[in-house]
Amino acid sequence: MRAKPEIAVNKKSHEKISISATQQSIPLDIVMEILSWLPVKYVLRMKCVCRQWYTLTQDCHFIEKHMSRRRIKCLYNKIPITPPCNSQDNFQLICGCSGMLLRKRIASNKFLIMNNATRQMLELPDPHKNSFGMTFSFVPSTGCYKLVSIYDDNEETGNEGCEILTIGSDNSWRTINFPILNDANKKREKIMVVSAGEAVHCIKINKVRACFCAEMVSLDLESESFKSTIMPKELFSNWEKVWALDWNGCLSFAVRVEEVINVVVLEDYKKLKWGKEKIVIPLAFTNTSNGTPNLREDLVPLFAQNGDLWFWVKDKRFIAYNIESGKINCIIWDTEASKMEKCGFYVGRSSLINLKGMQPVKK
């Protein structure tokens, strides 16, 4: 049975919430059903009705049911044409998880986790100053949330370091030994950090003379142990042009070949088990008939979720392509922004989750 998210209040998910006959006019399961359809802001008001309703709205089963009935929303960084004079309250979106967002204050470079729906936030200790890849994940097997920061440990040698922060139990980042795969003959050309399922993957594209090779270090978020892998050379002829992305909880690699994007899915990174067939995404949807430039060259695949493959069109928009129908489900285009960042994009549902240590957002 999947573990539930850790919330700040005393969690009694396996105990029945009792209400006396004189207090109860409506069966509790009916109350739960009705409240689970309400937007977050109304549920927050309803929990003030009585102690039993308050307890109900804190129950992890109710929180999960309520979240499953929310509409999927898209959040992204807006880079305005004219920067505001006061940037004290401006944030950069890094990533998101379970309706909560990992953000960084632009003015102070401080990181925090924020639940926009409940208006609660948690300030985080500072990560390593050379951090270049940060992820925020829920680990179902342990029922906790973890942040992972990958950083340059030695810029001259190209070695990396890693640190972890477990929400609710760690007061500071914990450094864990990152495997060193580099040698003097390899030059790092590109590095990608992808969170997929219960693992964070760091893929390094190295150059040896005129050839490219790929090395992967995977961090198991439950055991906090690493697995190092040399990727098969025959997988791609040119690793420099390969994208790494989350494909429904599994790590995958994508490359554009003429009129299509080919995707191979690593179904089990521990056993190095690949999907039996590659997934082919036709790019016919990028053809335009209204005289606007073709989008194909600026197209970057981000992740696959709920049957949609999300793309970033460099600096301009986000596109959700439905894999089964072959049609575009959604286009996000902000006319007020001069630039849309690939790294600051999250697709998910709002939630009632309140992590230990969260405080109300200051007005």
*Minimum side-chain heavy-atom gap Met134-Lys104 below 4.5 Å*: no

*Inter-residue atom distance Ser149.OG - Glu163.CD, 0.5 Å rounding*: 4.5 Å

_Can you tell me which residue among Ser137, Cys97, Cys95 is in a side chain to side chain contact (heavy atoms under 4.5 Å, CB included) with Ser195?_
Ser137

*Between Lys146 and Leu221, is there a donor-acceptor pair closer than 3.5 Å when you use the side chain of the first and the backbone of the second?*
yes

_Given 3.5 Å as the limit, does a donor-acceptor pair link the side chain of Asp152 with the main chain of Phe132, or not?_
no

*Lys278 atom NZ, over 12 foreign heavy atoms within 6.0 Å*: no

*asked:* So does His128 get a backbone contact from the side chain of Ser131, meaning a donor-acceptor N/O pair under 3.5 Å?
replied: no

*Can you find a pair of side-chain heavy atoms, one from Leu299 and one from Val313, that are under 4.5 Å apart?*
yes

*For Leu245 and Ala304, work out which heavy atoms get closest and say how close.*
CD1-N, 4.5 Å

*Could you pull out the closest heavy-atom pair between Arg105 and Ser108, with the gap in Å?*
CB-OG, 3.4 Å

*asked:* Ignoring hydrogens and geometry beyond distance, is a side-chain donor-acceptor pair present between Ser36 and Arg69 at under 3.5 Å?
replied: yes

*What residue pairs, at least two apart or across chains, pass ring-ring contact (aromatic ring centres under 6.0 Å, His included) with a residue in residues 193-240?*
Phe178-Phe226, His201-Tyr269, Phe236-Trp239, Trp239-Phe253

*OH (Tyr42) with more than 12 external heavy atoms under 6.0 Å*: no

*Identify the two heavy atoms, one from Leu44 and one from Ala117, that lie closest to each other, and give their separation to 0.1 Å.*
CD1-O, 4.1 Å

*asked:* Leu251 vs Met216, test: side-chain contact (heavy atoms from CB on, under 4.5 Å). Steps then yes/no.
replied: CA-CA 11 Å; Leu251 177 67; Met216 181 175 72; 3.2 Å; yes

*Nearest 0.5 Å, what's the OG1-CG distance between Thr118 and Leu352?*
7.5 Å

*Is there a side-chain contact between Asn116 and Ser350, using heavy atoms and a 4.5 Å cut-off?*
no

*Only pairs at least two apart or in different chains count here, so list each salt bridge (charged side-chain N to carboxylate O under 4.0 Å, His left out) that has a residue in residues 237-265.*
Arg256-Glu297, Glu259-Arg296

_Chi angles and distances behind the side-chain contact (heavy atoms from CB on, under 4.5 Å) call for Met358, Ile113_ = CA-CA 8 Å; Met358 274 188 159; Ile113 294 172; 3.9 Å; yes

*Is the side chain of Ser351 donor-acceptor paired with the backbone N or O of Ser98 at a distance under 3.5 Å, no angle test?*
yes

*With side chains defined as the heavy atoms from C-beta onward, is the minimum distance between Arg45 and Leu38 less than 4.5 Å?*
no

_Distance in Å, Met100 CE paired with Met114 CE, rounded so as to fall on 0.5 Å steps_ = 12.5 Å

*Ala244 and Ile203: which non-hydrogen atoms are nearest, and at how many Å?*
CB-CD1, 3.9 Å

*How many angstroms lie between CD1 in Ile332 and CD1 in Ile319, if you round to the nearest 0.5 Å?*
10.0 Å

_Interatomic spacing from CD1 in Ile34 to CG in Asp29 - rounded to 0.5 Å_ = 10.0 Å

*Looking at side-chain heavy atoms only, is the closest gap between Asn206 and Glu215 below 4.5 Å?*
yes

*Looking only at heavy atoms, which two atoms of Gly133 and Val193 are closest? And how far apart?*
CA-CG2, 4.4 Å

*Do the side chains of Val255 and Trp274 join up, straight or via other hydrophobic residues, at under 4.5 Å, putting them in one cluster?*
yes

*Check the surroundings of atom CG in Asn171: do more than 12 heavy atoms from other residues, nucleotides or ligands lie under 6.0 Å from it?*
no

*Given side chains that start at C-beta, do those of Thr166 and Glu224 come closer than 4.5 Å, heavy atoms only?*
yes

*Give a yes or no answer on whether the side chain of Lys47 reaches the backbone of Gln58 with a donor-acceptor pair at less than 3.5 Å.*
no

*asked:* Check this for me: Arg51, atom CZ, are more than 12 non-hydrogen atoms of other residues, nucleotides or ligands nearer than 6.0 Å?
replied: no

*Honestly curious: do Met32 and Trp37 fall in one hydrophobic cluster under the side-chain, below-4.5 Å linking rule?*
no

*asked:* So, using side chain to side chain donor-acceptor pair (under 3.5 Å) as the criterion, who are the partners of Asp126 when residues are at least two apart?
replied: Lys110

*Is the side chain of Arg70 donor-acceptor paired with the backbone N or O of Arg349 at a distance under 3.5 Å, no angle test?*
no

*Atom of Glu267, atom of Gly275 and distance for their closest heavy-atom approach*: OE2-CA, 3.4 Å

_side-chain contact (heavy atoms from CB on, under 4.5 Å) assessment of Ile353 paired with Tyr145_ = CA-CA 11 Å; Ile353 294 175; Tyr145 289 86; 3.2 Å; yes

*Would you say Asn238 has more than 12 foreign heavy atoms packed within less than 6.0 Å of its CG?*
yes

_If we ignore hydrogens and angles and just use 3.5 Å, is the side chain of Asp308 paired with the main-chain N or O of Trp310 as donor and acceptor?_
no

_Applying a strict under-4.5 Å side-chain criterion to I, L, V, M, F, W and Y, I'd like to know whether Trp312 and Leu283 cluster together._
yes

*Kindly compute the distance separating CG (Leu112) from CG (Leu101), expressed to the nearest 0.5 Å.*
9.5 Å

*Is the ring centre of Phe136 less than 6.0 Å from the ring centre of Phe111?*
no

_Could you see if Met67 belongs to whatever hydrophobic cluster contains Leu355? Use Ile, Leu, Val, Met, Phe, Trp, Tyr and a side-chain cutoff under 4.5 Å._
no

*Is it the case that one hydrophobic cluster holds both Val217 and Tyr151, taking links as side-chain heavy atoms less than 4.5 Å apart, direct or via other members?*
no

*asked:* Are the side chains of Tyr346 and Leu102 in contact, using a 4.5 Å heavy-atom criterion?
replied: no

*Side-chain contact, heavy-atom cut-off 4.5 Å: Val347 with Leu302?*
no

*Passes side-chain contact (heavy atoms from CB on, under 4.5 Å), Ile281 versus Val260? Steps please.*
CA-CA 5 Å; Ile281 307 296; Val260 301; over 6 Å; no

